[in-house]
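All remarks here apply to the structure that follows.
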Amino acid sequence: QVQVVESGGGLVQPGGSLKLSCAASGFTFSTYPMSWYRQAPGKERALVAFITNSGITTTYADSVKGRFTISRDNAKNTVYLQMNSLKPEDTAVYYCRAGNWGDYWGQGTQVTVSS
């Protein structure tokens, strides 16, 4: 029974911050690289951030580099996305993905950046 569940989305003002969480279960979390994706209305789903299974190496889309930070706690089977200096163009549904020999997606959480 695999579960990938995002939380922490909501409405935030431009320039504000938000922290998303993704709780995983039903697979060996510590062996899976994790990613955050987002999809805005009318646009393709795009990779936002990636973290290796160890949590040591991370990569980011150019559009969020320097503003977002991905991290993970393997003891809690949880990955996080800290979002700072938010812009209206960050508005999207954010998805958590676990990808290795399996490919597991969360249901998504809405982030809206608006004054």
Side-chain angles (χ1 to χ4, degrees):
Q1 184 75 36
V2 172
Q3 289 190 312
V4 179
V5 182
E6 302 96 334
S7 62
L11 176 65
V12 64
Q13 293 183 324
S17 297
L18 204 61
K19 188 173 185 178
L20 306 182
S21 297
C22 173
S25 61
F27 61 97
T28 307
F29 179 81
S30 62
T31 70
Y32 275 70
M34 300 292 296
S35 302
W36 287 96
Y37 288 73
R38 68 186 182 187
Q39 187 167 22
K43 296 184 178 180
E44 297 289 326
R45 189 172 298 187
L47 179 68
V48 175
F50 170 89
I51 188 167
T52 56
N53 62 304
S54 68
I56 294 174
T57 302
T58 59
T59 59
Y60 300 91
D62 287 342
S63 58
V64 307
K65 199 170 296 182
R67 300 187 297 118
F68 290 12
T69 302
I70 187 172
S71 61
R72 67 191 295 160
D73 186 341
N74 284 348
K76 295 182 177 180
N77 285 9
T78 302
V79 62
Y80 306 93
L81 186 66
Q82 177 67 51
M83 304 183 292
N84 298 325
S85 302
L86 283 162
K87 305 174 181 179
E89 51 262 44
D90 295 319
T91 296
V93 178
Y94 283 72
Y95 298 90
C96 181
R97 181 198 179 196
N100 199 348
W101 283 269
D103 188 6
Y104 310 125
W105 291 83
Q107 80 290 343
T109 186
Q110 177 71 48
V111 173
T112 302
V113 185
S114 180
S115 59

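Position 1 is the first residue of the sequence; numbering continues from there.
Within the 3.5 Å criterion, the main-chain N or O of Gly102 finds no donor-acceptor partner in the side chain of Asn100. Checking side-chain atoms of Asn84 against main-chain N and O of Ser17 turns up no donor-acceptor pair under 3.5 Å. A donor-acceptor pair under 3.5 Å is formed between the side chain of Asn74 and the backbone N or O of Asn53. No donor-acceptor pair closer than 3.5 Å links the side chain of Arg38 to the backbone N or O of Val111. A distance-only check finds a donor-acceptor pair linking the side chain of Arg67 to the backbone of Ser85 [under 3.5 Å].
By the 30° and 60° cut-offs, the orientation of the rings of Trp105 relative to Tyr95 is perpendicular.
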task: Take Tyr60 and Thr69 through the side-chain contact (heavy atoms from CB on, under 4.5 Å) test and state the conclusion after the steps.
output: CA-CA 8 Å; Tyr60 300 91; Thr69 302; 3.8 Å; yes
field: side-chain contact (heavy atoms from CB on, under 4.5 Å) assessment of Ile70 paired with Phe50
entry: CA-CA 7 Å; Ile70 187 172; Phe50 170 89; 5.7 Å; no
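One distance of note links CE of Met34 with OG1 of Thr52; it measures 12.0 Å at 0.5 Å rounding. Expressed to the nearest 0.5 Å, how far OG1 of Thr112 lies from CG of Asp90 amounts to 11.0 Å. Distance check, rounded to the nearest 0.5 Å: OG of Ser30 to CG of Asp73 gives 11.5 Å. Atom OG1 of Thr78 and atom CZ of Phe29 lie 6.5 Å apart (nearest 0.5 Å). Here the straight-line distance linking atom OG of Ser63 with atom CG of Leu47 works out to 9.5 Å at 0.5 Å rounding. Atom CG of residue Leu81 and atom OG1 of residue Thr109 lie 11.0 Å apart, to the nearest 0.5 angstrom.
The shortest heavy-atom contact between Gly8 and Leu18 is O-CG, 3.5 Å. In plain terms, the two heavy atoms of Ser115 and Pro14 that are nearest each other are N-CD, 3.6 Å. What you find for Cys96 and Val79 is that their closest heavy atoms are SG-CG1, 3.5 Å. In terms of heavy atoms, Phe68 sits closest to Val48 at CD2-CG1, 3.7 Å. The two residues Phe27 and Ala98 have their closest heavy-atom pair at CZ-CB, 3.6 Å. Residues Arg45 and Tyr37 approach most closely at CG-CB, 3.8 Å, considering heavy atoms.
Contact of the Cys22 side chain with the Tyr80 side chain is not registered, since no non-hydrogen atoms from C-beta on lie closer than 4.5 Å.
Linking Ile, Leu, Val, Met, Phe, Trp and Tyr residues whenever their side-chain heavy atoms come within less than 4.5 Å leaves Val93 and Trp36 in two separate clusters.
No more than 12 heavy atoms of other residues, nucleotides or ligands sit less than 6.0 Å from atom CD of Glu44. For Gln13, the CD atom counts as loosely surrounded, since its 6.0 Å shell holds 12 or fewer non-hydrogen atoms of other residues, nucleotides or ligands.
The only option from Gln110, Met83, Gln39 that meets the side-chain contact (heavy atoms from CB on, under 4.5 Å) definition with Tyr94 turns out to be Met83.
A salt bridge links Asp62 with Lys65: the closest approach of a Lys/Arg side-chain nitrogen to an acidic carboxylate oxygen falls below 4.0 angstrom.
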